[in-house]
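Structure first, commentary second.
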Amino acid sequence: MASRFNALKADAAWQKLWEDRRTFAARDDSPRPKSYVLEMFPYPSGRIHMGHVRNYTMGDVLARFRRMTGYEVLHPMGWDAFGMPAENAAMEKGVHPGGWTRDNIATMKAQLKRLGFALDWTRELATCEPDYYGHEQALFLHLYAAGLVYRKESPVNWDPVDMTVLANEQVIDGRGWRSGALVEKRKLSQWFLKITDFADELLDGLQSLDQWPDKVKLMQENWIGKSRGMKIRFQVSDGQPVEVFSTRPDTIFGASFVAVAADHPIAQAAALRDPEAQAFIDRCKQGGTTAAEIETQEKLGYDAGATATHPFTGLPMPVFIANFVLMEYGTGAVMGVPAHDQRDLDFARKYQLPVRRVVADGEHRDPLFEGDEAYTGGGQLVNSDFLDDMDVDAAKAAVIARGEADGWGEGTTVWRLRDWGVSRQRYWGTPIPIIHCEDCGAVPVSQDQLPVVLPEDVSFDVPGNPLDRHPTWKHVDCPTCGKSARRETDTLDTFADSSWYFIRFASQPKDKPFDKDVVAQWLPVGQYIGGVEHAILHLLYARFWTRALKRTGLIDVAEPFTGLFTQGMVTHETYKSSDGRWLGPAEVQDGVEIATGEAITVGRVEKMSKSKKNTVDPGPIVDQYGADAVRWFMLSDSPPERDLPWSEAGIEGSWRFVQRLWRLFDGLAEQAGTEGSDKALDRKLHQTIAGIAADVEALAFNKAVAKLYELTGMIEKAAPSASRTQAIRTLMRLVAPMVPHIAEEAWAANGGDGLIADAPWPEVDAALLVEDEVTVAVQVNGKLRDTLTLPKGTAREDAEAAALASANVQRAMEGKPPRKVIVVPDRLVNIVA
RNA sequence: GCGGACGUGGCGAAACCGGUAGACGCAGCCGACUUAAAAUCGGCUUCCGAACAGGAGUGCGGGUUCGAGUCCCGCCGUCCGCACCA
């Protein structure tokens with residue numbers, strides 16, 4: 001009688017053995033072809049959550065599968081260990097960010113090991129340690145030397161209570177998310193990385209990424225936001241010319257006003273002489289920036305009291321200060337062409353400005369433009385002097401040519417992408433390796449002084465950046481002139497840390513960030529897996545950083561991630577008590593709140609979150625069901641790119657399947673020596689081998705799982721035979737990437753050679769992939785009436801004859817003669833009567 | 001507003017190039033084993049229908065085709081991203 005699979009015992013034993021033998025350590029000098037499988041490394045927030053488990057299980061299956069198919073696999077793990085939560089913990093609990101972070105790493109590492117992931121822990125890294133961020137400082141200085149880093153005054157969100165800069169995401173309704181204080185716009189000197197120098201290549205490079213989701217590529221494309229157009233300078237009645245940016249220079253004869261942003265010099269000048277203009281500007285700045293506010297906000301303008309001169313007609317146009325023009329985009333000024341831009345039309349109707357048609361819409365050619373809907377389509381130019389009868393593109397070119405010849409404008413490209421501001425007034429981050437000297441300015445720390453180590457003796461009892469308050473740390477001598485100087489106390493945005501960690505995984509010498517030749521062996525990452533929330537920032541920064549290192553000669557790869565996969569979230573039902581409190585799964589049983597005995601309401605299935613209390617901690621689940629059952633659940637049912645609803649019933653089902661496998665594996669010895677073959681089972685086995693391989697390569701784990709269920713069911717029902725024995729032995733290897741512990745246990749118990757983790761993927765007998773009999777559907781007028789079992793390759797006439805002979809078919813045809821018969825060989829016969 | 005994705009049983013889903021819709025799992029129902037329960041095993045499980053008669057059915061309405069979940073046109077809905085981008 002088969003025993004039960006003791007997951008707890010087996011998990012521990014195999015995990016220890018893999019670790020002792022360094023089974024999953026990647027060898028740089030291996031002769032095998034190399035494969036780099038990477039999941040986005042976690043922030044050490046405290047404990048592993050289900051999202052991590054899902055993410056790392058997917059990567060693990062692929063990594064283990066690649067090993068079995070003959071690759072030397074690099075599958076590393078590390079910690080994105082700098083960031084604000086550590087400082088928040090320091091302020092709330094009085095612990096040191098470093099201690100808090102390192103404790104979390106220890107906890108989470110143990111949790112990851114408990115899941116049996118095939119990770120190369122010899123390459124583990126944490127971005128908060130000097131042996132990582134010191135090399136990052138070296139790379140920063142390398143980019144600085146290459147002219148890709150600069151310093152500039154820039155407006156930031158300043159929280160006056162916490163005395164720190166906040167990221168845009170941390171400003172909620174104009175207030176700091178922690179302090180609740182009204183956030184101020186302050187100008188601070190900030191360090192920037194010149195990502196805009198790479199805008200064109202980052203955009204073009206997307207085209208080569210054919211193993212990335214289109215969605216992510218599109219998001220990056222929109223973020224980079226390339227628009228081609230023209231800068232046009234209009235003479236202004238009193239003062240400097242105003243330069244506008246337009247994507248539609250062809251419509252210039254329809255321009256009837258110029259609008260500038262509230263921060264524009266023209267607006268500022270108007271404010272000096274006109275208090276009402278100042279009042280209007282103040283009103284503009286009050287406006288919120290949330291989606292709803294922008295949606296409802298009225299387009300407002302204030303006549304700046306100046307006029308701009310049209311370059312062709314010489315006619316004057318009013319200049320408005322307008323609340324819808326952004327100083328940050330283009331030139332901070334636009335020309336208004338109401339007939340062919342909706343926003344301009346709204347504005348013109350409101351302030352009774354001329355609206356002149358200059359592009360024919362197919363029906364109308366006259367200058368008079370009626371209605372409140374702008375015509376933004378293409379067509380022939382009209383009412384436009386020398387542009388008349390040209391199409392839009394030709395007219396654009398013509399205006400640009402004239403502007404360039406006459407010196408009042410030029411064709412140009414404007415990007416939405418801004419340079420990357422990397423300064424953070426924070427303690428827990430990579431110190432920016434710069435020294436400020438009164439005489440020499442900003443001076444890079446010399447290479448032999450790296451790393452610039454974060455001091456550990458800091459306090460968090462006062463708001464603000466502890467580095468700035470530290471008694472000694474920032475006082476240093478200028479590396480150039482030796483006079484006393486001041487360290488930069490800002491730290492780097494943590495996105496810098498995650499922009500190159502995948503390179504450091506591939507190669508980690510002590511004396512430099514990485515070795516170019518070793519990196520070349522592993523990069524680019526073949527398959528990168530993580531959440532969509534990183535579709536823009538992290539993935540764009542990592543692409544930029546890689547390209548910057550390539551341009552400056554440190555590496556040879558341009559794109560860091562060949563394949564990208566964005567997995568869905570783990571979700572769970574939500575529960576609310578009768579009085580409207582969120583309840584956790586443990587507080588609920590059979591539709592009733594355990595504590596009160598009152599009925600609960602079951603809400604939507606949502607992303608696991610602490611606020612809705614619908615999280616499930618993987619820790620106790622793994623202890624209860626074993627790592628294999630949890631891994632199996634993570635791969636089952638939902639396609640990996642979609643959300644996966646966690647359920648108690650689901651994990652029970654996975655556990656039952658693990659036990660089913662064990663009954664087959666454990667019973668194998670009893671049938672040793674059984675003779676005879678089972679052709680149908682052989683066929684199913686080989687179809688499954690081929691099918692799983694294809695599914696795993698495509699990351700279609702849910703389909704692979706379904707095929708394994710089918711094969712398992714068929715083996716269970718099959719009579720003992722040599723085929724069945726062979727199928728069970730092969731099944732061990734087929735499930736090994738997904739449920740590695742039980743696979744190792746079964747492999748060892750049945751005399752397998754070495755570790756199953758090192759065993760080769762079973763070979764497919766191609767001859768067994770084809771069936772010799774097929775089921776052919778028989779339709780009459782497109783409706784299914786019968787199915788026939790025919791030898792594969794049956795001739796059309798024979799299939800047709802067999803179909804016509806069917807009693808069901810004859811009944812359906814009601815004695816009518818067949819008018820036409822369509823035969824799709826080995827699939828169907830359709831009789832049109 | 002712009003851009004994108006997706007709508008299939010009670011639920012998660014599958015269906016490769018237009019060819020038997022609902023594989024596989026969950027939940028449910030019936031049965032076997034058991035003193036009993038659990039575990040396990042067998043069967044059923046899209047809807048209407050007594051039916052292994054027949055009919056309907058992949059968000060809705062049209063179309064192309066011998067044949068449409070799949071292709072085309074028009075709607076409706078859900079989710080995601082961006083957002084006063086000139």
Side-chain angles (χ1 to χ4, degrees), chain A residues 2 4 213-223 225-227 229-230 244-248 259 261 287 289-291 293-295 297-300 322-326 328-337 341-344 346-347 414-416 532-533 535-536 571 573 605 632-633 636-639 641-654 656-657 659-660 663 694 698 700 702-713 716-717 775-788 811-812 818-824 826-833:
Chain A
R4 247 186 198 196
D214 289 339
K215 177 197 169 107
V216 173
K217 286 190 280 187
L218 194 71
M219 281 164 72
Q220 293 216 350
E221 195 181 315
N222 292 340
W223 186 266
K226 182 178 189 172
S227 10
M230 180 181 187
V244 303
F245 173 71
S246 172
T247 55
R248 295 291 305 273
T289 51
T290 66
E293 283 170 310
I294 289 166
E295 194 70 27
Q297 208 169 11
E298 214 180 341
K299 308 282 175 272
L300 293 177
N323 66 346
F324 62 85
V325 181
L326 302 174
E328 300 82 51
Y329 187 78
T331 60
V334 298
M335 67 173 186
V337 184
D341 181 281
Q342 190 59 48
R343 207 184 30 202
D344 293 347
D346 295 345
F347 192 80
V414 161
W415 304 84
R416 208 191 84 104
V532 225
E533 65 273 20
I536 297 174
T571 58
E573 278 184 330
V605 175
W632 186 255
F633 181 89
S636 304
D637 292 348
S638 287
E641 67 279 10
R642 267 188 242 174
D643 290 350
L644 172 71
W646 173 269
S647 73
E648 192 74 11
I651 183 67
E652 297 264 1
S654 295
R656 281 199 299 273
F657 179 71
Q659 295 300 335
R660 265 172 81 189
R663 282 192 292 277
N702 57 321
K703 294 188 207 170
V705 162
K707 289 190 177 83
L708 286 167
Y709 271 117
E710 277 188 61
L711 176 64
T712 304
E716 285 170 337
K717 290 185 177 70
T775 308
V776 172
V778 182
Q779 299 177 334
V780 177
N781 294 329
K783 280 193 190 296
L784 184 71
R785 294 299 170 184
D786 203 356
T787 56
L788 300 172
R811 179 151 34 90
R819 285 198 287 133
K820 189 178 175 185
V821 179
I822 288 111
V823 180
V824 182
D826 296 335
R827 293 219 75 139
L828 67 64
V829 180
N830 187 16
I831 299 158
V832 186

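Chain A is the first sequence line, chain B the second, and so forth, proteins listed ahead of strands; every chain is numbered from 1.
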Treat a base pair as Watson-Crick or G-U wobble with both distances under 3.5 Å, then lay out RNA chain B in dot-bracket form, 5' to 3', with | for cross-strand pairs.
(((((((..(((......[....))).(((((.......))))).(((.....)))..(((((..]....))))))))))))....
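Nucleic acid contact for A:Lys217: none, since no nucleic acid atom lies under 4.0 Å from a heavy atom of the residue. Residue contacts shown for A:Asn702 are limited to sugar-phosphate atoms, with no base heavy atom under 4.0 Å away. Looking at heavy-atom distances under 4.0 Å, A:Val824 makes contact with a base. In this structure, A:Leu326 reaches the bases: a heavy-atom distance under 4.0 Å links it to at least one base atom across the strands shown. If you check every strand for non-hydrogen atoms under 4.0 Å, A:Asn830 touches a base. A:Thr775 comes within contact range of at least one nucleobase, with a heavy-atom separation under 4.0 Å. Looking at heavy-atom distances under 4.0 Å, A:Val776 makes no contact with the nucleic acid at all. Within the nucleic acid shown, A:Ser246 comes within 4.0 Å of sugar-phosphate atoms alone, with no base atom in reach, counting heavy atoms only.
On the P atoms, B:A38 is 15 Å away from B:C33, given to the nearest whole Å. With P as the reference atom, B:U8 and B:A56 are 22 Å apart, rounded to whole Å. Taking the P atoms as reference points, B:C75 lies 24 Å from B:C80, given to the whole Å. B:G1 and B:A68 have their C1' atoms separated by 34 Å, with the value rounded to a whole Å. B:U46 and B:A27 have their C1' atoms separated by 15 Å, with the value rounded to a whole Å. Nucleotides B:C66 and B:C48 are separated by 28 Å at their C1' atoms, to the nearest Å. The C1' atoms of B:G31 and B:U20 are separated by 30 Å, rounded to the nearest whole Å. B:C6 and B:C52: their P atoms are spaced 37 Å apart (whole Å).
For A:Trp223, the listed nucleotide lying nearest its side chain is B:C82; candidates were B:C82, B:A14, B:C84. For A:Arg660, the side-chain atoms get nearest to B:C41 when compared with the rest of B:C66, B:A86, B:C41. Across B:A14, B:C84, B:G25, the shortest atom-to-atom separation from the side chain of A:Arg343 is found for B:C84. The side chain of A:Glu710 sits closest to B:A23 out of B:U20, B:G25, B:A23. Each of B:C82, B:G54, B:C66 was ranked by its minimum atom distance to the side chain of A:Ile822; first place goes to B:C66. Closest to the side chain of A:Leu828, out of B:G19, B:G4, B:G81, is B:G19. Closest to the side chain of A:Lys703, from the set B:A23, B:G55, B:A15, is B:A15. Relative to the side chain of A:Leu784, the nucleotides B:A83, B:A13, B:U20 differ in distance, and B:U20 lies closest. Listed nucleotides B:A13, B:G12, B:A86 differ in distance to A:Ser638; the shortest reach to its side chain belongs to B:G12. Of the candidate nucleotides B:C24, B:A56, B:C26, B:C26 has the atom lying nearest to any side-chain atom of A:Arg656.
Closest non-hydrogen pair, A:Asn323 versus A:Leu300, comes out as OD1-N, 2.9 Å. Residues A:Gln220 and A:Ala535 approach most closely at NE2-O, 2.9 Å, considering heavy atoms. Nearest approach of A:Ile831 to A:Pro818, heavy atoms of both residues: CG2-CB, 3.7 Å. Between A:Val325 and A:Gly332, the closest heavy-atom pair is CG1-O, 3.4 Å. Shortest non-hydrogen contact noted between A:Gly336 and A:Asp344 is CA-OD2, 3.3 Å.
At whole-Å resolution of the value, CG in A:Leu644 and C1' in B:G25 are 12 Å apart. When rounded to the nearest whole Å, the span between CD of A:Glu328 and P of B:A83 equals 12 Å.
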Before giving the answer on salt bridge (charged side-chain N to carboxylate O under 4.0 Å, His left out), spell out for A:Asp346 and A:Arg343 the whole-Å C-alpha distance, their side-chain angles and the decisive distance to 0.1 Å.
CA-CA 5 Å; A:Asp346 295 345; A:Arg343 207 184 30 202; over 6 Å; no
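Put simply, A:Arg811 has a side-chain N or O that comes within less than 4.0 Å of OP1 or OP2 on B:G54. Under 4.0 angstrom from either OP1 or OP2 of B:C82 there lies no side-chain N or O belonging to A:Arg416. OP1 or OP2 of B:G3 has not a single side-chain nitrogen or oxygen of A:Lys215 nearer than 4.0 Å. The side chain of A:Tyr709 places no N or O atom within less than 4.0 Å of a non-bridging phosphate oxygen (OP1 or OP2) of B:G25. Distances shorter than 4.0 Å separate none of the side-chain N or O atoms of A:Asn323 from OP1 or OP2 on B:C84.
Aromatic rings of A:Trp415 and A:Tyr329 (six-membered ring for Trp) have centroids beyond the 6.0 Å cut-off, not under it.
Checked by atom type and distance alone, the side chain of A:Asn702 never pairs as donor or acceptor with a backbone atom of A:Ser636 at under 3.5 Å.
Taking the nucleotide of RNA chain B with the nearest heavy atom to each of A:Val532 and A:Gly782, the more 5' of the two is matched to A:Gly782.
The ring-ring contact (aromatic ring centres under 6.0 Å, His included) test applied to A:Phe633 returns A:Trp646, not counting sequence neighbours.
Ring geometry, A:Phe324 versus A:Phe347: the interplanar angle exceeds 60°, so the pair is classed perpendicular (tilted spans 30 to 60°).
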